[in-house]
Amino acid sequence: VVLRLDFAVAQGTVLVESNLVYGAAVDYTGSNVSLTLDAYYVNGPQTNRPVVILTHGGGFGGGDKGYTPAQGNFYPDMATAFASNGFVAFSINYRL
């Protein structure tokens, strides 16, 4: 299956809700940390939409759900493209 993402498809503006807490975990120092995600979607009358969850690479040692100098805007741009095509996209951070 090939999915073509095209920014021009959307009728509305992609909304982003940043740093929503979806859980907690203990990090390598023994401290509790909040696990956060950014939600991307187009506001509209459709309520049943497919969901995609974007998880950055980094092997539990690096990476981020948003912009970093190493990965640029890869995950925000990908999440925006999915949202523009009718998906709800969640870009998550996990315990490093």
Side-chain angles (χ1 to χ4, degrees):
V1 174
V2 174
L3 175 64
R4 182 174 176 261
L5 298 179
D6 187 352
F7 285 99
V9 171
Q11 298 279 329
T13 302
V14 173
L15 302 174
V16 181
E17 293 185 47
S18 297
N19 298 318
L20 302 173
V21 176
Y22 72 90
V26 177
D27 70 5
Y28 68 96
T29 67
S31 300
N32 283 325
V33 295
S34 294
L35 303 176
T36 60
L37 61 82
D38 295 341
Y40 296 75
Y41 58 94
V42 174
N43 198 10
Q46 182 181 358
T47 56
N48 292 326
R49 299 180 192 174
V51 171
V52 62
I53 299 173
L54 304 173
T55 307
H56 64 79
F60 294 96
D64 192 84
K65 63 183 171 48
Y67 171 84
T68 68
Q71 67 193 26
N73 274 325
F74 181 77
Y75 292 101
D77 288 348
M78 187 184 313
T80 299
F82 274 109
S84 294
N85 284 274
F87 288 77
V88 174
F90 297 107
S91 183
I92 70 167
N93 273 348
Y94 55 84
R95 177 183 55 198
L96 300 178

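Computed from heavy atoms alone, side chains included, the values below leave out hydrogens, waters and symmetry copies.
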Shortest non-hydrogen separation from [X] to [Y] and the atoms involved:
X	Y	result
Val42	Ala83	CG2-O, 3.3 Å
Arg49	Val88	CD-CG2, 4.0 Å
Ser91	Lys65	OG-O, 2.9 Å
Ala81	Asn85	O-ND2, 2.8 Å
Gly86	Pro50	O-CD, 3.7 Å
Tyr22	Tyr94	OH-CA, 4.1 Å

(request) Using modelled atom types only, decide if a donor and an acceptor are shared between the side chain of Asn93 and the backbone of Thr36 within a distance under 3.5 Å. (result)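 Flag not set: sc Asn93 to bb Thr36 has no pair under 3.5 Å.
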[Y] side chain reached by [X] side chain, heavy atoms, under 4.5 Å:
X	Y	result
Glu17	Tyr41	yes
Val21	Leu35	no
Arg95	Tyr28	no

(message) Run the side chain to side chain donor-acceptor pair (under 3.5 Å) test against Asp27 and tell me which residues pass, sequence neighbours left out.
(response)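 Thr29.
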(request) Supply the atom-to-atom distance Thr55 OG1 to Tyr75 OH, rounded to the nearest 0.5 angstrom. (result)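 The OG1 atom of Thr55 sits 8.0 Å away from the OH atom of Tyr75.
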(request) Determine the interplanar angle of the Phe87 and Phe82 rings, folded into 0 to 90°, and report it as parallel if under 30°, tilted if 30 to 60°, perpendicular if over 60°. (result)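 Because their plane-to-plane angle is over 60°, the rings of Phe87 and Phe82 count as perpendicular.
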(message) Grouping I, L, V, M, F, W and Y whenever their side-chain heavy atoms are under 4.5 Å apart, do Leu15 and Leu20 come out in a common cluster?
(response)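 Hydrophobic grouping puts Leu15 with Leu20.
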(request) Sequence neighbours left out, what passes side chain to side chain contact (heavy atoms under 4.5 Å, CB included) with Ala79? Give chain and number order. (result)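 For Ala79, the residues satisfying side chain to side chain contact (heavy atoms under 4.5 Å, CB included) (neighbours in sequence not counted) are Tyr40, Leu54, Ala89.
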